[in-house]
Amino acid sequence: VQLQASGGGLVQAGGSLRLSCVASGRTFNNNAMGWFRQAPGKQRELVAKISSGRGDLSTYADSVKGRFTISRDNSKNTVYLQMSSLVPEDTAVYYCNTPIGGSYVRVGSGYWGQGTQVTVSS
């Protein structure tokens, strides 16, 4: 399984970015997906996750609720993270993830993408 994340960059506070993660190597539709982030000197943390299939289930970190939206397009094998109202505290390397067995509850284990840098200036 390979995960290729993109879409990061430098943005001013209050701005928006959309991250994309293209998955390959297995049937995308059958697997939950997640976005994580890691800021310098901090542990990697869950940002958002979405269930397999239609993505009816999602979970967000409290710090991003109402500002970020996770979605998936199974026809493109892609999971997205739409980020709005960005603040400097959102600055981090963002990683996409899918668990080995594809289970929603196991997002955070398994396969990782290479990360994409998001920098929010004040």
Student: Between V1 and I50, is there shared hydrophobic-cluster membership here, with clusters defined by ILVMFWY side-chain heavy atoms closer than 4.5 Å?
Tutor: yes

Student: In the structure I gave you, are the side-chain heavy atoms of N30 and S52 within less than 4.5 Å of one another anywhere?
Tutor: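 No; the side chains remain at least 4.5 Å from each other.
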
Student: Whether the side chain of T98 engages the backbone of A32 through a donor-acceptor N/O pair (distance < 3.5 Å, no angle test) should be reported.
Tutor: yes

Student: Could you note down all residue pairs passing ring pair (Phe, Tyr, Trp, His ring centres under 6.0 Å) where residues 101-122 supplies at least one of them, sequence neighbours left out?
Tutor: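 Sorted result for residues 101-122: F36-W112.
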
Student: Is it true that V11 and L81 fall in one hydrophobic cluster, defined by side-chain heavy atoms closer than 4.5 Å?
Tutor: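 Linked within one cluster.
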
Student: Who pairs with D73 by side chain to side chain contact (heavy atoms under 4.5 Å, CB included), at least two apart in sequence or on another chain?
Tutor: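 In terms of side chain to side chain contact (heavy atoms under 4.5 Å, CB included), with neighbours along the sequence ignored, D73 is linked to S75, K76, Y80.
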
Student: Can you confirm whether more than 12 heavy atoms, excluding those of Q114, are under 6.0 Å from its CD atom?
Tutor: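 Counting other residues, nucleotides and ligands, CD of Q114 exceeds 12 neighbours.
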
Student: Check side-chain hydrogen bond (donor to acceptor under 3.5 Å, both in side chains) between S109 and all other residues, then give those that pass, not counting sequence neighbours.
Tutor: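 S109: no side-chain hydrogen bond (donor to acceptor under 3.5 Å, both in side chains) contacts found.
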
Student: Return each pair, listed once, that meets salt bridge (Lys or Arg N to Asp or Glu O under 4.0 Å) where at least one residue sits in residues 105-122; pairs must be two or more places apart or across chains.
Tutor: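 Pairs touching residues 105-122 that pass the test: none.
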
Student: Which residue pairs pass the salt bridge (Lys or Arg N to Asp or Glu O under 4.0 Å) test with at least one member in residues 61-72, sequence neighbours excluded?
Tutor: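 Only D62-K65, R67-D90 qualify under salt bridge (Lys or Arg N to Asp or Glu O under 4.0 Å).
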
Student: Can you sort out the partners of S63 under side-chain hydrogen bond (donor to acceptor under 3.5 Å, both in side chains), two or more places apart, ordered by chain and number?
Tutor: R37

Student: Do W35 and I100 share a hydrophobic cluster (ILVMFWY, side-chain heavy atoms under 4.5 Å, transitive)?
Tutor: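 Cluster IDs for W35 and I100 match.
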
Student: Once disulfide (SG to SG under 2.5 Å) is applied, what residue pairs with a partner in residues 25-64 remain, sequence neighbours excluded?
Tutor: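 Non-adjacent pairs meeting disulfide (SG to SG under 2.5 Å): zero.
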
Student: Do V120 and V118 come close enough that some side-chain heavy atom pair is under 4.5 Å?
Tutor: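 Counting from C-beta outward, V120 and V118 do come under 4.5 Å.
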
Student: Do any N or O atoms from the side chain of D56 and from the backbone of S51 form a donor-acceptor pair under 3.5 angstrom?
Tutor: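 Judged by distance alone, no pair lies under 3.5 Å.
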
Student: Do L3 and M33 make a side-chain contact, defined as non-hydrogen atoms from C-beta onward lying under 4.5 Å apart?
Tutor: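 Heavy-atom side-chain distance check passes, below 4.5 Å.
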
Student: So does K49 get a backbone contact from the side chain of T59, meaning a donor-acceptor N/O pair under 3.5 Å?
Tutor: no

Student: With sequence neighbours excluded, what pairs up with N31 under the side-chain hydrogen bond (donor to acceptor under 3.5 Å, both in side chains) test?
Tutor: R26

Student: Side-chain heavy atoms under 4.5 angstrom apart, residues restricted to Ile, Leu, Val, Met, Phe, Trp, Tyr: same cluster for Y95 and L17?
Tutor: no

Student: Which heavy-atom pair separates S122 from P88 by the least distance, and what is that distance?
Tutor: CB-CG, 3.8 Å

Student: Can you tell me which residue pairs pass the disulfide (SG to SG under 2.5 Å) test with a partner in residues 20-80, sequence neighbours excluded?
Tutor: C21-C96

Student: Looking at CE of M83 and CD1 of I70, how far apart are the two atoms once the value is rounded to the nearest 0.5 Å?
Tutor: 11.5 Å

Student: Rounded to the nearest 0.5 Å, what's the gap from CG on L19 to CD on Q82? Could you check?
Tutor: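 Those atoms lie 9.0 Å apart.
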
Student: Under 4.5 Å between side-chain heavy atoms, hopping through other hydrophobics if needed: is there a path connecting V107 to V79?
Tutor: no

Student: Closest approach of L10 and S121, non-hydrogen atoms and distance?
Tutor: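 Scanning both residues completely, I find the closest heavy atoms to be CD1-CB, 4.4 Å.
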
Student: Residues two or more places apart in sequence or in another chain: which of them pass side-chain hydrogen bond (donor to acceptor under 3.5 Å, both in side chains) with Y60?
Tutor: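 Result, side-chain hydrogen bond (donor to acceptor under 3.5 Å, both in side chains) vs Y60: none returned.
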
Student: For the residue pair Q117 / T119, report whether a side-chain donor-acceptor contact shorter than 3.5 Å exists.
Tutor: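 The answer is yes; a qualifying pair exists.
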
Student: Among all residues two or more places apart in sequence or in another chain, which pass the ring pair (Phe, Tyr, Trp, His ring centres under 6.0 Å) test with Y94?
Tutor: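 Ring pair (Phe, Tyr, Trp, His ring centres under 6.0 Å) check on Y94 returns nothing, list empty.
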
Student: In chain order, what residues pass the side chain to side chain contact (heavy atoms under 4.5 Å, CB included) check against E89, with sequence neighbours excluded?
Tutor: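 E89: side chain to side chain contact (heavy atoms under 4.5 Å, CB included) contacts with V87.
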
